[in-house]
Amino acid sequence: MTVPVTLQGARERRVRTGGVELCVAELGDPGQPTVVLVHGYPDSKEVWSEVAPRLADRFHVVLYDVRGHGRSTAPKPLRGGFTLEKLTDDFLAVADAVSPDRPVHVVGHDWGSVQSWEFATVKRTEGRIASFTSMSGPSLDHLGHWINKRLKRPTPRRVGQLLGQGAKSWYVYALHTPVLPELAWRGPLGKRWPRMLERFEQVPGGTYPTSSLPTDAAHGAWLYRDNVRARLRHPRTDAYAHAPVQLITPLGDAFLSERLYDELESWVPQLTRRTLPAKHWIPRTRPDQLVDWITEFVTSVEGGRPDGVTASGKYADRFGGQLILVTGAGSGIGRATAYAFAEAGARVVAVDRDAEAAARTAQMSRLIGAPEAWAETVDVSDEQAMEKLAEKVATEYGVVDVLVNNAGIGLSGSFFDTTPEDWKKVLDVNLWGVIHGCRLFGRQMAERGQGGHIVNTASAAAYQPSKALPAYSTSKAAVLMLSECLRAELADQGIGVTAICPGFVNTNITSTARFAGVDAEEEKRRQKKTARLYGLRNYPPEKVADAILRAVVRGDAVVPVTPEARGAYLMSRFTPKALRRIARLEPPL
């Protein structure tokens with residue numbers, strides 16, 4: 001048999017078990033830990049074709065077509081041939097064939113995850129599974145108890161959860177209908193499915209799904225018919241995981257609610273949670289992130305750290321292992337943001353024009369939770385230097401998952417006192433620095449095709465006019481509008497864009513801000529007074545950093561941070577005339 005182009009280089013074998021013959025593919029060094037990838041419905045093993053080769057650099061990777069799918073044979077008769085017990089027999093046969101002497105690490109998606117929960121919780125597989133990574137597929141036993149709890153002790157919130165998941169599960173009811181699902185898959189649905197995945201799930205086109213899709217989907221309907229009703233009516237009471245579990249939850253899953261996993265800790269003693277802003281088919285849309293998390297988790301278990309994630313930050317489930325680049329990271333909001341991402345277990349690139357300050361931020365980031373952190377020195381206003389930085393980061397560290405364009409300078413003074421040179425300096429850093437970052441790193445995100453997020457630090461001055469800040473306010477207003485435009489352009493590519501708008505924040509920008517139209521002595525006096533006023537306000541940059549992480553998690557568009565920034569934002573929308581009158585007041589300098 002020829003190997004499909006999507007798994008080129010794989011070694012194949014046939015494994016016989018329970019009256020069927022399974023097609024098993026292997027990549028990587030058999031001497032390394034074995035990772036078994038189990039596909040879902042209506043997929044074949046080729047759903048993992050973007051994940052498997054990346055994992056094969058570190059592990060012995062095994063994929064197999066579930067019975068009745070791909071090039072594995074189907075049971076006869078189909079009814080009763082897809083029970084969880086028989087699927088467990090298949091898994092054990094594969095595990096014994098590919099790794100007879102060592103337990104394997106299991107990774108399951110969709111129905112691959114549903115059946116893998118069975119593998120990870122039944123007694124007869126104990127000792128054969130080293131770890132389990134679950135994606136978009138709950139245990140039917142856990143789900144049964146979840147439903148029963150809400151039926152027996154209903155509250156408005158629990159009823160809402162039941163109704164919400166019930167609506168998402170419409171396809172389960174459809175698949176229990178006799179004959180019609182098979183006719184649909186072998187007819188119009190099977191032909192249109194690839195286009196539907198591209199349109200609704202943003203799954204890239206190409207060699208997936210394979211030509212066996214109509215048959216796979218028709219056979220796979222029996223996964224639901226043989227298991228769902230029986231298990232939900234009588235869920236096992238001993239369905240406790242006997243291996244560490246990593247749960248990866250795509251937040252945009254159209255078929256499964258996040259709430260299904262609310263009580264999972266009671267069933268899994270060693271649980272690591274991850275969340276991802278993506279839809280259901282993450283093996284196709286987010287392979288790089290999955291590879292990073294699977295690698296980290298398997299490595300941690302092999303190294304005797306079964307809890308997996310060591311970071312304890314508030315958003316460790318979201319940013320652990322992701323690559324974050326922060327400009328202006330040597331001090332203030334940039335440094336606090338780098339530290340916040342480090343506490344969440346992210347890999348951090350701290351960028352600043354001050355080499356020593358960037359190095360200190362990177363060093364501290366490693367100490368407080370970043371598995372890796374690097375310092376890079378660059379002037380964000382220098383186009384060529386930024387191009388070299390983008391190339392270096394992509395080559396040595398990878399494609400950035402979250403970009404924080406934070407570097408900025410301050411300038412105060414009337415319009416007529418502000419020289420063309422003053423304007424150029426402010427716009428070069430505050431606006432062009434953001435443009436360079438978005439253009440270079442944003443393009444890398446778009447070309448990778450796996451989403452990402454861009455955060456641009458604007459200011460309350462972006463929408464609050466002031467006679468004292470014409471240049472600074474103009475630069476920040478431009479950043480705000482650039483962010484809004486980019487958000488619209490990149491939305492279809494899964495890349496979010498946020499404009500962060502702080503107000504009076506106690507950072508060193510106040511002591512380094514320039515004042516146009518005054519001599520050096522007067523400028524120093526004003527810098528000291530401004531720094532003192534901001535110090536009295538004492539709004540810490542750490543709160544801005546927390547707002548940045550929260551905004552990325554939520555996908556917010558514009559985030560006024562401080563109370564005065566929120567107030568001015570509301571006024572700009574509902575009482576702009578009053579805001580213009582305030583702009584005429586003399587600053588307290």
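- For the atom pair CG of D401 and CZ of F319, the computed distance is 10.0 Å after rounding to the nearest 0.5 Å.
- Looking at P269 and Y240, their side chains never come closer than 4.5 Å, going by heavy atoms from C-beta outward.
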(request) Might you work through the side chain to side chain contact (heavy atoms under 4.5 Å, CB included) test for L140 and W117, ending with a clear yes or no? (result) CA-CA 8 Å; L140 292 182; W117 275 110; over 6 Å; no
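- Between Y41 and the options W111, F82, Y224, F255, a ring pair (Phe, Tyr, Trp, His ring centres under 6.0 Å) holds for only Y224.
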(message) Does H453 form a side-chain hydrogen bond (donor to acceptor under 3.5 Å, both in side chains) with T498? I'd like the steps, not just the answer.
(response) CA-CA 8 Å; H453 205 100; T498 298; 2.8 Å; yes
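- In this structure, the separation between CG on L213 and NZ on K191 is 12.5 Å, given to the nearest 0.5 Å.
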(message) Between E50 and R54, does the salt bridge (Lys or Arg N to Asp or Glu O under 4.0 Å) criterion hold? Intermediate values first, please.
(response) CA-CA 7 Å; E50 296 296 325; R54 291 169 166 87; 3.2 Å; yes
(request) Using the salt bridge (Lys or Arg N to Asp or Glu O under 4.0 Å) rule, take R124 and E85 through it: C-alpha gap first, then chi angles, then the decisive distance, then the call. (result) CA-CA 11 Å; R124 62 191 177 115; E85 291 77 12; over 6 Å; no
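- Closest heavy-atom contact between P53 and S49: CD-O, 3.0 Å.
- The backbone N or O of A373 sits less than 3.5 Å from a side-chain atom of R366, completing a donor-acceptor pair.
- At distances below 3.5 Å, at least one donor-acceptor pair connects side-chain atoms of H242 with backbone N or O atoms of V122.
- Side-chain contact check for V326 versus V349: every heavy-atom pair is 4.5 Å or farther apart.
- The two atoms that bring G345 and P371 nearest to each other are O-CD, 3.2 Å, heavy atoms only.
- Under 4.0 Å is where a charged nitrogen must lie from a carboxylate oxygen, and between R192 and E198 no such pair does.
- Not one N or O on the side chain of D65 forms a donor-acceptor pair closer than 3.5 Å with the backbone of S44.
- To the nearest 0.5 Å, the span separating OG1 on T249 from CZ on R318 amounts to 12.5 Å.
- The existence of a salt bridge linking E12 and R71 is confirmed by a sub-4.0 Å separation between a basic side-chain nitrogen and an acidic carboxylate oxygen.
- Annotation: cation-pi geometry satisfied between R225 and W222 (NZ/CZ under 6.0 angstrom from ring centroid, within 45° of ring axis).
- At distances below 3.5 Å, at least one donor-acceptor pair connects side-chain atoms of S113 with backbone N or O atoms of G137.
- Each of Y208, F200, W48, W193 was scored for a ring pair (Phe, Tyr, Trp, His ring centres under 6.0 Å) with W281, with one residue passing: W193.
- A heavy-atom distance below 4.5 Å is found between the side chains of I129 and F91.
- Partner L223 forms a side-chain contact (heavy atoms from CB on, under 4.5 Å) with one of V114, L84, L87 and no other, that one being L87.
- A side-chain contact (heavy atoms from CB on, under 4.5 Å) with V51 holds for exactly one of I282, V61, V291; it is V291.
- Taking every heavy atom of both residues into account, S365 and A338 meet most closely at OG-O, 4.1 Å.
- By the 4.5 Å heavy-atom criterion applied to side chains, T133 and W293 are not counted as neighbours.
- Salt bridge annotation for R274-E296: present, with a cationic side-chain nitrogen under 4.0 angstrom from a carboxylate oxygen.
- A donor-acceptor pair is defined here as one N or O able to donate and one able to accept, closer than 3.5 Å; such a pair exists between the side chain of T125 and the backbone of F119.
- Expressed to the nearest 0.5 Å, how far CD of Q289 lies from CZ of R448 amounts to 8.0 Å.
- Listed for the S99 side chain is no donor-acceptor partner under 3.5 Å among the backbone atoms of A95.
- Using bins of under 30°, 30° to 60° and over 60° for the plane-to-plane angle, the ring pair W267/H142 lands in the parallel bin.
- Side chain of H219 to main chain of G68: a donor-acceptor pair is present (N/O by atom type, distance under 3.5 Å, no hydrogens or angles).
- Distance check, rounded to the nearest 0.5 Å: CH2 of W146 to CD of Q161 gives 5.5 Å.
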(message) Using the rule given for side chain to side chain contact (heavy atoms under 4.5 Å, CB included), can you reason through R150 versus T155, listing the C-alpha separation, both sets of side-chain angles and the distance that settles it, and then say yes or no?
(response) CA-CA 8 Å; R150 281 149 183 79; T155 65; over 6 Å; no
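- The only option from L256, L264, L247 that meets the side-chain contact (heavy atoms from CB on, under 4.5 Å) definition with P138 turns out to be L256.
- Side-chain atoms of H176 come within 3.5 Å of backbone atoms of V172 as a donor-acceptor pair (strictly under, hydrogens ignored).
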(message) salt bridge (Lys or Arg N to Asp or Glu O under 4.0 Å), that's the test. Do R128 and D96 meet it? Break it down for me.
(response) CA-CA 9 Å; R128 294 299 288 125; D96 289 343; 3.2 Å; yes
(request) Go through D89 and K86 one step at a time and tell me if the salt bridge (Lys or Arg N to Asp or Glu O under 4.0 Å) criterion holds. (result) CA-CA 5 Å; D89 291 340; K86 292 180 179 179; over 6 Å; no
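- Considering all non-hydrogen atoms of both residues, V400 and V402 come closest at CG1-O, 3.0 Å.
- Of all non-hydrogen atoms in L290 and M135, the two that sit nearest each other are CD1-SD, 3.7 Å.
- Taking 4.0 Å as the cut-off between side-chain N and carboxylate O, K279 and E201 do not count as a salt-bridged pair.
- Side-chain atoms of R284 never come within 3.5 Å of backbone atoms of L197 as a donor-acceptor pair (strictly under, hydrogens ignored).
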(message) If you apply the rule side chain to side chain contact (heavy atoms under 4.5 Å, CB included), what do you find for T215 with R186, and how did you get there?
(response) CA-CA 7 Å; T215 302; R186 296 183 187 278; 3.7 Å; yes
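- The two residues E26 and V62 make their nearest non-hydrogen contact at CG-CG2, 4.1 Å.
- Using a cut-off of 4.0 Å between Lys/Arg side-chain N and Asp/Glu carboxylate O, R236 and D141 are scored as salt-bridged.
- The main-chain N or O of G80 is found under 3.5 Å from a side-chain atom of D226 such that the two form a donor-acceptor pair.
- Partner of L63 under the side-chain contact (heavy atoms from CB on, under 4.5 Å) criterion, out of L37, V94, V47, V38: L37 alone.
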(request) Check the pair H60 / R102 against side chain to side chain contact (heavy atoms under 4.5 Å, CB included), numbers first and verdict last. (result) CA-CA 12 Å; H60 174 216; R102 296 177 63 182; over 6 Å; no
(message) As a quick check of understanding, evaluate ring-ring contact (aromatic ring centres under 6.0 Å, His included) for H69 and H39, giving each step before the final call.
(response) CA-CA 10 Å; H69 295 69; H39 69 79; 5.4 Å; yes
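- Taking CD of Q450 as the start and CD1 of I495 as the end, the distance is 11.0 Å to the nearest 0.5 Å.
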